[in-house]
2 protein chains.
Amino acid sequence: MAVTIRDVARASGVHVSTVSRAFSAPHLVNPETRTRVLAVADDLGYRPNRAARALTTGRTHNLGLIVADISNPFFPPLIKAAQEQARLRDYHVFVADTDEDPKVEEDLIQTLTKQVDGVLLCSPRLTNRTIERLREEVPFVLVNRRVKGMATVLMDVARGARLAFEHLTALGHRRLALVTGPSGSWTSKEMQEAAAAARDVDVAFLGPNQPTELGGLAAAADVIASGATGVLAYNDLVAIGLIEGLAERGVDVPDDISVIGVDDIVAGRLSRPKLTTIAMPTAAAGRIAVDMLLQSVDSQAATGVTMLETTLIVRESTGEAHT
Amino acid sequence: MAVTIRDVARASGVHVSTVSRAFSAPHLVNPETRTRVLAVADDLGYRPNRAARALTTGRTHNLGLIVADISNPFFPPLIKAAQEQARLRDYHVFVADTDEDPKVEEDLIQTLTKQVDGVLLCSPRLTNRTIERLREEVPFVLVNRRVKGMATVLMDVARGARLAFEHLTALGHRRLALVTGPSGSWTSKEMQEAAAAARDVDVAFLGPNQPTELGGLAAAADVIASGATGVLAYNDLVAIGLIEGLAERGVDVPDDISVIGVDDIVAGRLSRPKLTTIAMPTAAAGRIAVDMLLQSVDSQAATGVTMLETTLIVRESTGEAHT
DNA sequence: TTGAAAGCGCTAACAC
DNA sequence: GTGTTAGCGCTTTCAA
């Protein structure tokens, strides 16, 4: 077995509780004893067993991070940032992928519950009711989902959508289309509301669609049929698929139709034409969500909604309307 | 506090040890008692505390997965698959990002060590010496790195590179270039050896380069200077950057120069031209690595090297040589 | 087949 | 400032 607190105690001639204190309450132990104990510990390669510690303190110093699909390029920057922020706060994070399956998601939360101090739920597929039930067992922070009374990190897609429509309008486009995402999506709903409020333009609503390239590909015909010359797509993947579908039909972007995506994934910078998009602050969302979560772990409370700004990044997939 | 084994024992009129057995050694308990206990447990919403269990069994049922950079599109499919495979085996996985920093990497392993039964090290930046030292503390499986005597999952890049060179040769290219990656990379070394063995062609070695689009972008001038008409790049990101760099200099892909990448990341299918690439079985690697790890957790042993096949995917970035 | 008791590694009152 | 003791939730001998 590995070296335990008892080994350190024996080797440094003090009681285990002194060793314990040397680590978790340094101010309660004589500086000299402390340095000696720590030296011995270091010498022996002692590392506190966090699981054992958790048993008495009730703090595991672990977090759960649950996402629908790790492979969706929207998530990795969020995971990376969350994980790093947690590490800086001396927390480890379990990352779990539900593969878009609510059943898996619920089960995961259940089994994780005892091993973590809190859970970050990103774009959950669970019903509100289930989420509300589960929150009794462990603190949550939601990302990209709104449930009343729960701590949440949101990105201001509505504003992003407004910026997008203004951009298209400024370029002279008057007939626009919104290629929506899955019907249950909060993001998609926000975009629709922004579209409905757009002025001086017609906006056609095309959807729902799968939030993938295939979804965009399949929407190409409808976009053409709508007569729109400016399009806001649910996300970058959809936008890229759409551009491809349009190309297959001999429609050029941006010469014939302008297309804007959402998320600012890396692929958007690499595709041709480079994608004009609404950048989502995913890394910031990850960091902030972790901080909110740790705060609510400490204070038992901390609900509240944090709304993060989005920005429009103009690249090559939008251009002037030719009327 | 949550419901513990004691609550279940009390509510079902048996001793805690019986409840324990009902869960972890069902065959040792009377079927009737068992069903009753389980019913009560279910009723109370009891879930065994894995951390407490780990304290006596020595098995945490957790795994660590350490990668250099979650945002690198090479990793998410691997993480996703590993995580899912682990879940099927009733394991949870800590995912940690070292941000390419060996110091962080070592530290992470150290603190994770006590909480996991094994660690998956993907493309580690540590020295062999350090890896060998750390393996004393916890079982490892290495992905994309070879250290003697350690369990390893490798992808057959050398064969992939051969296929790439053969493809280029068959298209009539005679002057080739290999745009290499970071100097310490096992993958890069494999590619170089394959290149050196290629027949009937000249291969220029260009590098080392950063394993990113910027690396590819910066290599464009050298590629042109080399006079090569067929290029194998370290990975897809480099290939995409290279294609961009060539375009900036008025060189068309594939008309003037053919380019092949490695990894088959999603962006490669979305970029223009669509990238011809060597597909790496990252998901399979993740699954297999987890199985190897669990096996070595059980048997204390299990070293061995698994080599996975790679395949050439021909898309649009390669074409016939115009000579 | 079940109960009793010890103990995993650690922390947290409580004494001294 | 340090030692003693009990106990976190669970498993695992050992008896019965």
Once you round it to whole Å, what is the distance between C1' of D:dG9 and CZ of B:Arg10?
13 Å
Is the backbone N or O of B:Ile265 less than 3.5 Å from a side-chain atom of B:Asp263, with the two atoms forming a donor-acceptor pair by type?
no
Which whole-number value in Å describes the distance from A:Leu28 CG to D:dG1 C1'?
9 Å
Sub-3.5 Å donor-acceptor pair from the side chain of A:Asp117 to the main-chain atoms of A:Thr60, do we have one?
yes
Are A:Asp97 and B:Arg87 ion-paired here, with the side-chain N under 4.0 Å from a carboxylate O?
no
How long is the line joining CG of A:Leu55 and P of D:dG7, in whole Å?
14 Å
Reckon A:Thr33 has a side-chain N or O less than 4.0 Å from the OP1 or OP2 of D:dT2?
yes
Which word best sums up how the rings of A:His92 and B:Phe94 line up, parallel for under 30°, tilted for 30 to 60°, or perpendicular for over 60°?
perpendicular
Polar pairs (N or O, both sides) under 3.5 Å between protein and nucleotides 10-14 of chain C?
| residue | atom | partner | partner atom | Å |
| --- | --- | --- | --- | --- |
| C:dC10 | OP1 | A:Tyr46 | OH | 2.8 |
| C:dC10 | OP1 | A:Asn49 | N | 2.9 |
| C:dC10 | OP2 | A:Ile5 | N | 2.4 |
| C:dT11 | OP1 | A:Arg53 | NE | 2.5 |
| C:dT11 | OP1 | A:Arg53 | NH2 | 3.1 |
| C:dT11 | OP2 | A:Ser20 | OG | 2.6 |
| C:dT11 | O4' | A:Thr56 | OG1 | 2.8 |

Between the two ends of the helix from C:dT1-D:dA16 to C:dC16-D:dG1, what is the bend in degrees, rounded to 10 degrees, where each end axis spans five pairs?
40°
Where the side chain of B:Ser24 meets the backbone of B:Arg21, is there a donor-acceptor pair that is under 3.5 Å apart?
no
Do the side chains of A:Arg287 and A:Glu84 get close enough for a salt bridge, i.e. N-O under 4.0 angstrom?
no
Using atom types as modelled and distance alone, determine if a side-chain donor or acceptor of B:Thr130 lies under 3.5 Å from a backbone N or O of B:Leu126.
no
Has the side chain of A:Glu106 got a donor or acceptor atom that lies under 3.5 Å from a matching backbone atom of A:Lys103?
no
